[in-house]
Amino acid sequence: MQPMGNVSDTHVVVIGGGGTGAAILYDLVQRGFKATLFERGELTCGSTGRHHGLLHSGARYVVKDREVGRECMNEVRILKRIAPEAIEANRGIFVAFTEEEEAYRETFEEACAEADIPTQWLDADELLAMEPRLNPTLRGGVMVPDGTLDAYRLPMHFFAGARQLGAVIRNFARVESFVFEGRRIAGVTVRDLRTGTDETVACDLVINATGGWAGKLAAMADINLPITPAPGTMLAHQGRLVNNIIERLRPASDGDILVPQRGLSIIGSTQWQSDDPDDCRVPDADVELLTNAAIDMVPDFKDTKYHKAWAAVRPLAGASSTEEEGRELSRDFEVRNHGTLDGVEGMLSLTGGKATTLRIMGEKTVDVVCEMFDVEASCRTADEPLPNYRQFFRHGVLV
Amino acid sequence: MKERTVAVYRTAKKAVDEFTVPYNERTTILDALEYIRLQEDPDLMYRQSCHHGSCGTCGMAVNGEFVLSCIKRLADIPEDQAVRIEPLPTMHQIGDLAFDPAGFFNEFPDDITYKRVSDVNTDAAVPEDMEHYERFESCIECGLCVTSCPVTVDWMGPAALASIHRMIEKNPDEADTWLDRAAEKRGVEQCTKDFSCSRVCPTGVAPGKRITLLGSMIKKREKARASEEKQE
């Protein structure tokens with residue numbers, strides 16, 4: 001592809017209006033690109049908004065992957081600075097309820113230290129003084145800088161920033177096909193659900209930021225993208241029981257995180273695999289499993305009222321055929337250039353990733369875009385506070 | 001799984017389409033719409049994000065009742081009743097059940113904050129470097145209160161006024177500035193004390209009570225100012 005002389009002439013189309021798309025779009029316009037985002041439904045309607053809200057310091061991943069842990073911690077520091085209104089900045093506590101969990105302390109603390117994640121051991125009395133509703137049989141816990149994010153409002157902060165800088169955002173606009181010029185994607189055909197009409201939009205680059213749907217979208221361009229849609233169930237009860245995130249001091253498994261958010265207690269999650277990212281109905285067994293898991297940690301959970309059970313699709317990078325393999329897939333993300341990998345020019349895909357790392361996913365993706373178009377513009381998204389999410393709506397209705 | 005028929009408003013034909021959806025005791029109106037979109041009609045438009053009553057995007061009218069579709073359960077509607085799903089009538093319609101909430105959000109003053117001191121386990125110890133635990137405000141800005149309000153003149157509406165009252169509760173020192181806003185022509189004085197806003201609120205914000213309290217504060221301030229003038 002020919003590098004463009006004038007940055008503002010380069011038009012990038014982002015497909016997918018989730019957190020990743022929001023962060024990419026904001027970064028693109030901040031670095032001077034012309035950018036348009038298409039989302040088939042309402043913004044954040046895929047996996048993004050359904051997140052349980054755990055802002056990860058990285059501690060959950062760090063034993064398995066120091067770099068993912070370090071990256072999360074760095075992003076937590078940045079997000080608290082640039083979008084403070086979208087985060088309940090309390091803490092996370094990895095609680096040892098069993099002897100086995102207490103024995104995991106050393107491995108856990110060492111890994112956190114190597115990834116620059118600050119920890120503080122709390123003995124049983126100290127911990128119960130902070131969280132009086134925890135199961136009193138606990139043995140202690142490790143406090144880390146986790147928090148609760150607003151899964152809708154955090155990405156909307158990025159959309160607000162993008163819109164303020166002139167990005168075009170089209171919701172209820174579904175990409176139907178790609179327009180090819182030889183082996184290069186030169187545009188997209190989009191159906192506007194508001195009007196029922198199709199239109200073609202020319203662009204210099206398409207970025208596939210559709211998360212669990214990335215494989216489906218890539219297939220429309222005859223590209224085989226290894227991705228595993230892995231849904232998980234979450235359960236919310238009415239009544240906030242704790243202020244800090246409660247997690248179990250053991251390797252990540254089902255039903256081991258309890259997230260307080262507003263007046264709710266959210267217990268997550270489970271994990272299974274699906275060929276179809278759209279199929280994430282809640283398995284009946286999950287509700288009982290999660291209820292019991294929450295009661296194990298916070299006995300008062302049994303007296304709270306059921307609010308909602310729902311499921312969301314994690315976009316795991318890589319292919320796996322079994323659920324055990326799925327658990328082993330990294331939560332890291334990857335920017336794939338289909339020009340070099342698959343011989344289809346003009347398209348990047350993102351695979352993997354997490355809500356906490358949306359900003360850095362945007363940064364690394366736009367770094368690749370800058371390199372492709374020979375543009376020198378450094379990322380500023382970590383330095384400048386985002387406009388409040390309500391500012392998104394100050395620019396009038398979307399058309 | 002049991003099945004039932006739901007009628008969904010469609011903009012293109014200005015009438016409802018009927019669909020048959022499977023459901024169990026947990027299935028919500030939003031789950032039913034997801035089923036319809038994925039199995040029957042990919043062009044069906046509706047707003048959704050969190051699926052657990054936190055984002056405030058999925059407000060709809062179900063049999064005339066204004067609800068968050070993600071937590072309104074199909075099984076809670078008696079089986080002998082038809083189910084009719086329509087868009088929130090006062091919002092800017094963009095298609096089927098979807099609306100654009102720009103007008104609603106424009107009523108919120110720019111400097112309204114969205115966090116508060118946590119209200120649970122208030123005697124609990126906090127980490128050394130923190131003064132208190134914090135949480136998001138209860139208001140999820142879904143617009144159900146504004147939709148239910150019978151006042152038809154152009155005014156700020158219950159959501160924005162409730163948020164102003166919250167600002168005074170959080171920052172008593174700034175009460176004067178916020179009361180100035182609430183006392184504007186488009187503010188408290190337009191309220192007819194119907195309290196439908198409080199009845200419809202899915203998160204217990206009680207906007208009606210808050211508007212009433214703002215009204216009392218404004219009156220009290222007027223009285224205080226009048227007696228000050230007298231003394232002078």
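Here is how names work: the chains are called A, B, and so on, in the same order as the sequence lines, proteins then strands, and each is numbered from 1.
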Checklist entry - For A:His51, is it the side chain, the backbone, both, or neither that has a heavy atom closer than 4.5 Å to a heavy atom of chain B? => result backbone
Checklist entry - Between B:Tyr46 and chain A, which part of the residue has a heavy atom less than 4.5 Å away: side chain, backbone, both or neither? => result backbone
Item to check | Interface moiety of A:Ala312 toward chain B, non-hydrogen atoms closer than 4.5 Å | outcome: neither
Checklist entry - Relative to B:Tyr23, does B:Arg4 satisfy both conditions: NZ or CZ under 6.0 angstrom from the six-membered ring centre, and within 45 degrees of the ring's axis? => result yes
Item to check | Salt bridge B:Asp43-B:Arg37, side-chain N to carboxylate O under 4.0 Å | outcome: no
Checklist entry - So what's closer than 4.5 Å to chain B heavy atoms on A:Arg281: side chain, backbone, both or neither? => result neither
Next on the checklist: With a 4.5 angstrom heavy-atom cut-off, is it the side chain or the backbone of A:Gln261 that approaches chain B, or both, or neither?
Outcome noted: side chain
Checklist outcome for this item: Interface check, chain A: of B:Ser138, B:Cys50, B:Pro42, most non-hydrogen pairs under 4.5 Å belong to B:Cys50
Item to check | SB check B:Glu86 B:Arg84 (cutoff 4.0 Å) | outcome: yes
Next on the checklist: Can you tell me which portion of A:Leu127 sits under 4.5 Å from chain B's heavy atoms? Options are side chain, backbone, both or neither.
Outcome noted: neither
Next on the checklist: Check this for me: does any side-chain nitrogen of one of A:Lys80 and A:Glu85 sit under 4.0 Å from a carboxylate oxygen of the other?
Outcome noted: no
Checklist entry - Can we say B:Glu169 and B:Arg116 salt-bridge, meaning some charged N sits less than 4.0 Å from an Asp/Glu carboxylate O? => result no
Checklist entry - Between A:Arg262 and B:Glu137, is there a salt bridge with N-O shorter than 4.0 Å? => result no
Checklist entry - Side chain, backbone, both or neither: which part of A:Ala129 has a heavy atom under 4.5 Å from chain B? => result both
Next on the checklist: Quick check on A:Val282 against chain B: is it the side chain, the backbone, both or neither that has a heavy atom closer than 4.5 Å?
Outcome noted: both
Next on the checklist: Quick check with a 6.0 Å cut-off and a 45 degree axis cone: is A:Arg390 positioned over the face of B:Phe108's six-membered ring?
Outcome noted: yes
Checklist entry - Can you say whether A:Gln391 sits under 4.5 Å from chain B via the side chain, the backbone, both, or neither, judging by heavy atoms? => result side chain
Checklist entry - Is the NZ or CZ atom of A:Arg174 positioned over A:Phe38's six-membered ring, under 6.0 angstrom from the centre and within 45° of the axis? => result no
Item to check | Residue part contacting chain A, namely of B:Ile112, when any heavy atom lies under 4.5 Å | outcome: both
Checklist entry - In terms of heavy-atom proximity below 4.5 Å to chain B, should A:Ile266 be classed as side chain, backbone, both, or neither? => result side chain
Next on the checklist: Counting only non-hydrogen atoms closer than 4.5 Å, does A:Met143 touch chain B with its backbone (N, CA, C, O), its side chain (CB onward), both, or neither?
Outcome noted: side chain
Next on the checklist: Is the positively charged end of A:Arg153 above the ring of A:Tyr389, judged by distance under 6.0 angstrom from the centroid and angle within 45° of the axis?
Outcome noted: yes
